[in-house]
Amino acid sequence: MDDANTFAETEGLSAIESILKKEAPELLEKKIQTRREGLPELPNSSNQKPVLRFAPNPNGPLSFGHSRGLVINGEYAKNLGGELILRFDDTDTTVKPPMIEAYESIPIQQEWLCGFPAHRIVIASERMDMYHSYAHKMLSNFFGYVCTCTGEEFKQFRIAKEDCPCRNNSVEKNLTLWEKMNDTNGFQPGEAVLRVKTDMTLKNPALRDWPAARIQTKSHPRVGNMWRVWPLLDFQSAIEDHLQGVTHIIRGKDLMDSTRKQTLLYAHFGWDYPETIYWGRVKVHEFGSFSTSQMKKDIDSDKYEGWDDPRLPTLSALSRRGIKPEALRTFWIELGLTQKDIAVPLATLYSHNTKCIDPTAPRLAFIRNPVELTIFGDYPKEIEIESHSDTEMPKRKFSITDKIWIEKADSGKSIRLKDLCDIDAEGNVESVERSDKRQVVHWVTQGKNCELTVAFGDDINTYQGILEDHNYPDGTIVQLERIGYAVIENGDLLMTHD
RNA sequence: GCUCGUAUAGUGUAGUGGCCCAUCAUGAAGCCCUCUCGAGGCUUCGACCCGGGUUCAAAUCCCGGUACGAGCACCA
């Protein structure tokens with residue numbers, strides 16, 4: 001390389017060019033910048049069919065935030081011919097108790113979003129025997145122990161990098177204490193936990209002898225009181241990933257320490273940890289911060305009408321509002337898999353959604369703040385109007401009387417009544433053909449009173465107006481001319497977005 | 001406090017030593033088209049956190065700083 005540069009300096013660049021032209025012409029061709037499309041290549045996936053999983057807590061229905069995990073894992077599974085496991089991590093009956101309806105709704109929403117059903121569904125609460133048997137194994141092999149310190153006591157040991165007294169108990173003692181944890185008349189919640197023996201001097205405090213299971217006495221909605229000792233996420237998830245043969249874990253970077261904890265556990269068992277990829281935190285400005293438990297509270301107190309209240313960021317609300325799964329998928333794929341913490345505006349999602357719905361959304365006129373206008377002069381008495389200017393949709397047919405409705409904001413000036421005629425401020429017809437560049441305004445001649453509901457942040461507004469007669473069924477996404485897209489719901493309108 | 005992570009236009013993103021006075025989308029502005037303030041087409045605007053170092057060559061590698069975020073739960 002040095003020689004080459006010296007040569008270039010003394011002989012000039014053109015000399016090099018002519019040599020290259022002879023010896024290796026392909027090097028001279030300008031590379032064209034290529035932009036990677038879609039998701040980055042999944043590492044370590046060329047020699048195996050990937051097995052991925054998405055593991056929500058069924059303490060409520062799926063939200064916008066969940067959709068990232070579903071989309072990313074689902075896309076990889078689909079594109080690489082692998083498998084997607086939908087796993088219910090429902091091992092907490094106390095802090096985030098499972099909601100029984102969620103076991104039904106989550107798979108439905110998963111299929112709606114991904115476009116295919118999960119290849120496997122795993123319910124943690126039905127696999128408790130497995131977790132117990134590995135917990136037992138951990139104790140018998142002396143890489144786990146029952147700890148009877150209080151949380152505060154152990155915290156001090158963790159900070160001081162010192163072993164807690166329970167750490168050196170014999171295997172026999174541990175097995176006895178384990179029995180006592182599982183015994184109704186033994187330890188009570190809070191009196192003992194199962195810990196994984198790692199190393200109390202580890203640099204990262206989060207990894208020091210982390211807890212694997214605890215006692216819960218609150219009944220589980222699916223399995224009742226069959227179990228008393230329940231695994232914590234890091235343990236349950238680690239065991240289950242191995243049991244299911246998960247090859248790739250894609251999750252938030254807030255779980256980086258989970259990976260490290262679980263890798264230590266895998267080392268004890270002699271297993272290989274799956275390939276792990278992380279994404280950063282996503283904030284959606286318009287959604288603020290919602291937690292499943294807070295939403296549940298607010299629904300119970302009637303602040304929201306239900307899980308599909310259009311103000312909420314749940315998948316059922318988005319779906320109800322006319323957000324398409326394709327738009328959600330494009331949105332998440334475009335954000336990609338970086339570890340950056342990002343804040344995104346909903347405008348991007350809406351833009352993708354517009355591309356999905358615009359080609360099939362029939363146009364309708366909706367008059368907000370309607371005022372009646374009498375028109376004088378010659379105008380067509382029967383009229384056919386396009387329902388969608390770019391596609392072949394049946395036309396809208398109306399008989400025109402001399403009374404029509406226009407929006408108050410459009411009244412009192414000379415306007416073009418769309419597809420009908422030019423009028424002056426008093427309603428006198430000036431021309432049937434479009435005669436100048438005056439503003440084109442939508443209008444209704446035969447219509448019904450109708451309510452348009454618009455969710456905006458934490459507010460919900462309804463506008464009374466007149467919607468032109470149509471016979472589209474509920475659920476149709478229409479475009480209200482000059483306003484935006486909306487879904488027909490019980491004959492009324494629910495705003496999708498502009 | 002300890003540990004870990006990230007830093008490219010307003011917002012996202014591509015880019016893994018020479019294709020880069022940096023890609024694409026979104027956004028904003030303008031024009032064209034259109035009997036919608038929609039869709040479509042075109043144009044324009046706008047960025048490599050800072051400071052050192054390595055190298056002929058750095059957005060890219062190294063070190064330091066700064067900023068932001070996360071974990072250190074008997075939640076997931």
Side-chain angles (χ1 to χ4, degrees), chain A residues 1-2 4-6 8-9 29-37 40 55-59 89-92 94-96 147 149-151 154-155 158-159 161 189-195 202-208 210-216 229-230 232-234 236-237 251-261 278 280-283 285 292-293 330-331 334-336 338-345 347-352 354-355 357-359 361 363 365 385-386 388-391 416-422 433-434 438-442 479-485 498:
Chain A
M1 186 50 77
D2 284 347
N5 281 304
T6 317
E9 268 170 42
E29 281 173 32
K30 286 254 178 191
K31 281 185 220 161
I32 301 156
Q33 176 161 12
T34 50
R35 185 186 160 79
R36 200 202 71 229
E37 293 286 332
N57 182 339
N59 65 334
D89 280 352
D90 59 345
T91 54
D92 177 16
T94 317
V95 183
K96 294 177 178 171
C147 175
C149 301
T150 65
F154 191 85
K155 190 177 176 184
R158 180 171 51 232
I159 293 170
K161 298 188 178 183
E191 291 179 353
V193 293
L194 174 68
R195 290 191 183 280
L202 251 20
K203 261 175 53 176
N204 187 340
L207 312 185
R208 297 172 196 158
W210 53 271
R214 79 321 203 172
I215 302 165
Q216 292 185 121
V229 177
W230 288 82
L232 271 333
L233 169 87
D234 288 319
Q236 176 268 128
S237 176
R251 58 183 171 199
K253 68 174 182 180
D254 52 314
L255 294 180
M256 277 184 166
D257 283 344
S258 271
T259 301
R260 298 181 183 109
K261 288 184 206 173
Y278 306 95
R281 261 187 115 64
V282 175
K283 247 187 230 162
H285 184 252
T292 303
S293 35
T330 321
F331 175 81
E334 194 174 271
L335 291 199
T338 67
Q339 290 186 26
K340 262 164 85 173
D341 298 319
I342 54 177
V344 287
T348 312
L349 174 64
Y350 291 160
S351 156
H352 291 308
T354 298
K355 290 181 178 70
I357 61 180
D358 184 75
R363 274 50 175 163
I385 308 172
E386 301 258 22
H388 193 298
S389 54
D390 308 328
T391 64
R416 168 75 187 172
L417 296 173
K418 188 172 183 293
D419 297 304
L420 183 60
C421 60
D422 289 355
E433 294 307 312
R434 197 175 180 184
R438 71 181 76 183
Q439 194 183 8
V440 179
V441 158
H442 65 300
Q479 192 211 52
L480 305 176
E481 286 175 344
R482 297 173 68 214
I483 299 174
Y485 302 92
D498 305 333

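Treat the numbers as computed from the prediction; the structure is a model and nothing was measured. Here is the naming used below: chain letters follow the sequence lines, and residue numbers restart at 1 for every chain.
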Considering every strand and a 4.0 Å limit on heavy-atom distances, what is the contact class for [X]: base, sugar-phosphate, or nothing?
X: Thr94(A); value: nothing
X: Lys203(A); value: sugar-phosphate
X: Ala192(A); value: nothing
X: Arg363(A); value: base
X: Thr338(A); value: sugar-phosphate
X: Gly280(A); value: nothing
X: Leu255(A); value: base
X: Arg36(A); value: sugar-phosphate
X: Cys149(A); value: base
X: Ser258(A); value: nothing

Please evaluate the base of U36(B) for a donor-acceptor partner in the side chain of Gln479(A) within a cut-off of under 3.5 Å?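 It does, because a donor-acceptor pair links the side chain of Gln479(A) to the base of U36(B) below 3.5 Å.
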Decide yes or no, distance alone: a donor-acceptor N/O pair under 3.5 angstrom between the base of C35(B) and the side-chain of Arg416(A).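 A donor-acceptor contact between them is present.
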With rounding to the nearest 0.5 angstrom, report the CZ to CG distance, Arg438(A) to Asp422(A).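 Here the interatomic distance stands at 4.0 Å.
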So, taking the atom named CH2 in Trp210(A) and the one named CG in Leu232(A), what distance separates them when rounded to the nearest 0.5 Å?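 Taking CH2 in Trp210(A) and CG in Leu232(A), the distance rounds to 8.5 Å.
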Roughly, in whole Å, what's the span from CD in Gln216(A) to C1' in C75(B)?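 Rounded to whole Å, this separation is 10 Å.
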In whole angstroms, how far is the C1' atom of C24(B) from the NE2 atom of His352(A)?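 Roughly 11 Å, once rounded to whole Å.
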Can you tell me the base-pairing partner of [N]? Count Watson-Crick or G-U wobble geometry only, both distances below 3.5 Å, and say none if there is no partner.
N: G18(B); result: C56(B)
N: U6(B); result: A67(B)
N: G38(B); result: none

Quantified in whole Å, what is the [atom1] atom distance between nucleotide [N] and nucleotide [M]?
N: C24(B); M: U13(B); atom1: C1'; result: 7 Å
N: G15(B); M: C31(B); atom1: P; result: 37 Å
N: A9(B); M: A47(B); atom1: P; result: 9 Å

N/O donor-acceptor pair under 3.5 Å between Ser351(A) side chain and Ala347(A) backbone: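 Not a single qualifying donor-acceptor pair exists.
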With a 3.5 Å distance limit and no angle check, can you tell me whether Arg214(A) reaches the backbone of Ala212(A) through a side-chain donor-acceptor pair?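 Absent.
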Looking at Lys261(A), Arg251(A), Gln339(A), which one forms a side-chain contact (heavy atoms from CB on, under 4.5 Å) with Met256(A)?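 Passing option: Gln339(A).
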First of Phe154(A) and Leu335(A) reached from the 5' end of RNA chain B, by closest nucleotide: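 Residue closer to the 5' terminus by nearest nucleotide: Leu335(A).
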In terms of the nearest nucleotide of RNA chain B, which residue is placed more toward the 5' end: Glu334(A) or Asp419(A)?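 Nearest-nucleotide comparison on RNA chain B picks Glu334(A).
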